[in-house]
**Student:** 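My questions will all concern the structure given below.
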Amino acid sequence: MSSYFTDLAQQYIDGRWRPGTGSWDIIDFNPYDGEKLASITIATVDEVDQAYRAAARAQKEWAATNPYARRAVFEKALRLVEEREQEIAEVIIAELGGTRLKAGFELHLAKEFLRESVNLALRPEGKIIPSPGDGKENRLYLVPVGVVGVISPFNFPFLLSLKSVAPALALGNGVVLKPHQNTPIVGGSLVAKIFEDAGLPPGLLNVVITDIAEIGDAFIEHPVPKVISFTGSDKVGRHVATVCASQFKRAVLELGGNSALVVLDDADVDYAVDAAVFSRFVHQGQVCMAANRILVDRSVEAEFTEKFVAKVKTLKAGDPRDPETVIGPVINSSQADALTGVVDQALAEGATALVHGTTTDNLVEPTVLTGLPADSPLLRQEIFGPVALLVPFDGEEEAVRLVNDTPYGLSGAVHTADVERGVSFAKRIDTGMFHVNDGTVHDEPLVAFGGEKSSGLGRLNGEATVEAFTTQKWISVQHGRSFFPF
């Protein structure tokens, strides 16, 4: 077992590693073999308060620090991730059940976002804006919001914690991070350890490992944070947005999806199969951008289905430590049970299982379903696991209607021999992101990431990140004298 699970099984508050003072422990299990990795005494409401107060105290001096000096911390953090990459990969495999392929994918993206954070420290630029008043100079400053609260999920916890934590810090803010209780090390204390070793001043970044059963809404209701960055389900996101709105906080919400990968009549079928299999089954399908639905024009349905099923049958499920494994375990038994329920429901509705995987503990083998009735609720909900739904359609108009027939709007993809046909198709889809001749799972540091409808609120990455974690301040200077009418 990695020393990370013993050394980092603590809270990190005001620059100190310490146990929580709650009355119970979060037990961190390996989802594949059930091994107990760590036991962490939870943080209380009082410790959430201490964390936010520490961040607020440290933030003032940090914001006043030369941005070139701030940048050096992120350069060092990037080097540390590169040096410790193999160790971090092993922790991802153990705590998430992520395969070696998935761990490498997550670490590659995490390094890209850290590289962008190096640049973000120097990104905020002010403006001088003309005034109708003689002798007046209007200065518009971009300043840090102050303190940001970050709530990260269990599926890509290292990446998705860093994706908010690093930019918020680079832009001059303090941060309090609450990782998911199933991934407290990878999504929480590991991030704190990297920044501590990179020389981040104490108190700026705090990690509280806890549960809403203990703290309720204290993390989002606390008066200190001005922005809450949340990644998770749309149900919880709706609640976060409601609480934030009532307190005039900004909420940045990256929520669930029900993405579709669409195969038009002129698509390269072999290539579309490869894209669809990856888009549905990467990290066991536990990805918000995953292709829940695979829509295929009837003219190529038979060929696509035969090749798709054949490829899915080659995916090895098992121990995520094995480099040959493509399908590891889902995160916990609740997820495994929910996926069994989805398949049972589909079959009861009249669907046909072209591949019907078995479930052993948390290891859920791939299932491919076709023939769902058009009114099946399964076609409109997020399925967070290795269950693929094949849906035939007749022509583009029906495809557009089917893709949009969902409360979600996060990602998607279309395959066609005509790129401009694909772009025209993409423009008609109600999503925040859509990809032509590619998979549905993409994230890049400079391109605005986020969804429409129930898939979220706001954007991250590039300029969107600057907007999320800074605010505008107008300072005017009157050269000479103003005229006052009384």
Side-chain angles (χ1 to χ4, degrees), residues 45 48-49 51-52 55-56 59 113 120 142-157 159-181 187-188 205-208 210-212 215-257 288-289 382 407-411 430-433 443 448-473:
V45 171
V48 170
D49 177 67
Y52 274 127
Q59 187 268 332
F113 278 91
L120 275 177
L142 275 183
V143 298
V145 294
V147 175
V148 176
V150 177
I151 303 172
S152 65
F154 67 77
N155 58 343
F156 279 75
L159 168 65
L160 295 178
S161 290
L162 276 175
K163 188 176 169 180
S164 286
V165 168
L169 290 170
L171 291 164
N173 299 287
V175 175
V176 179
L177 168 64
K178 188 186 96 62
H180 194 281
Q181 54 268 41
L205 173 60
N206 303 267
V207 174
V208 289
T210 188
D211 189 280
I212 58 170
I215 65 167
D217 284 340
F219 191 89
I220 51 179
E221 284 183 336
H222 196 282
V224 163
K226 299 298 185 290
V227 175
I228 300 292
S229 179
F230 170 83
T231 305
S233 72
D234 57 299
K235 179 182 176 182
V236 178
R238 201 174 299 274
H239 178 71
V240 172
T242 300
V243 174
C244 287
S246 71
Q247 299 191 352
F248 303 108
K249 297 180 194 286
R250 188 183 305 167
V252 181
L253 308 174
E254 199 280 280
L255 309 178
C288 57
M289 296 171 280
E382 181 174 48
Y408 298 98
L410 186 59
S411 185
D430 301 329
T431 60
M433 306 174 287
D443 197 358
F449 182 104
E452 297 296 323
K453 301 191 282 190
S454 292
S455 286
L457 191 65
R459 297 289 188 270
L460 286 176
N461 302 359
E463 289 303 319
T465 293
V466 177
E467 292 175 15
F469 300 135
T470 62
T471 190
Q472 296 179 329
K473 185 167 187 174

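Just so it is clear, the structure is predicted and the values come from calculations on it, not from any experiment.
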**Student:** Check L171, T465, V143 against T470 for a side-chain contact (heavy atoms from CB on, under 4.5 Å) and give me the one that passes.
**Tutor:** L171

**Student:** Please step through side chain to side chain contact (heavy atoms under 4.5 Å, CB included) for the pair R238 and L253, ending with a clear verdict.
**Tutor:** CA-CA 9 Å; R238 201 174 299 274; L253 308 174; over 6 Å; no

**Student:** Taking C-beta and beyond as the side chain, do N155 and T231 meet within less than 4.5 Å on heavy atoms?
**Tutor:** no

**Student:** On the 0 to 90° scale, with breaks at 30° and 60°, tag the H180-F154 ring pair as parallel, tilted or perpendicular.
**Tutor:** perpendicular

**Student:** For the pair Q472 and L142, evaluate side chain to side chain contact (heavy atoms under 4.5 Å, CB included) and give the outcome as yes or no after the intermediate values.
**Tutor:** CA-CA 5 Å; Q472 296 179 329; L142 275 183; 3.9 Å; yes

**Student:** Quick one: closest heavy-atom pair of G149 and Y52, and the distance?
**Tutor:** CA-OH, 3.6 Å

**Student:** Does the side chain to side chain contact (heavy atoms under 4.5 Å, CB included) test come out yes or no for L255 and Y408, once each step is laid out?
**Tutor:** CA-CA 9 Å; L255 309 178; Y408 298 98; over 6 Å; no

**Student:** Are the side chain of D430 and the backbone N or O of K453 linked by a donor-acceptor pair below 3.5 Å?
**Tutor:** no

**Student:** Taking the side chain as C-beta and beyond, is there a heavy-atom pair between K178 and V208 under 4.5 Å?
**Tutor:** yes

**Student:** Would you indicate whether the side-chain heavy atoms of K163 and F156 approach each other to under 4.5 Å?
**Tutor:** no

**Student:** Kindly say whether I228 contributes a backbone atom to a donor-acceptor pair with the side chain of K249 at under 3.5 angstrom?
**Tutor:** no

**Student:** Specify the closest pair of heavy atoms between R459 and V252, including all atoms of both residues, with the distance to one decimal.
**Tutor:** O-CG1, 4.2 Å

**Student:** Do you know which of V227, L169, N206 makes side-chain contact (heavy atoms from CB on, under 4.5 Å) with V175?
**Tutor:** L169

**Student:** Does the D234 side chain pair with the main chain of G256, one donor and one acceptor, at a distance under 3.5 Å?
**Tutor:** no

**Student:** Has the side chain of E254 got a donor or acceptor atom that lies under 3.5 Å from a matching backbone atom of G456?
**Tutor:** no

**Student:** Donor-acceptor check, side chain of S161 to backbone of G187, threshold 3.5 angstrom: yes or no?
**Tutor:** yes

**Student:** State, yes or no, whether a side-chain contact exists between F113 and N461 at a heavy-atom distance under 4.5 Å.
**Tutor:** yes

**Student:** Which pair of heavy atoms, one from D211 and one from Q181, lies closest together, and at what distance?
**Tutor:** OD2-NE2, 2.8 Å

**Student:** So L410 and C288, side chain to side chain contact (heavy atoms under 4.5 Å, CB included) or not? Walk me through it.
**Tutor:** CA-CA 8 Å; L410 186 59; C288 57; 3.7 Å; yes

**Student:** Where do A468 and L460 come nearest, in terms of heavy atoms and distance?
**Tutor:** CB-CD2, 4.0 Å

**Student:** Could you check whether any side-chain N or O of E382 sits under 3.5 Å from a backbone N or O of G257, counting only pairs where one atom can act as donor and the other as acceptor?
**Tutor:** yes

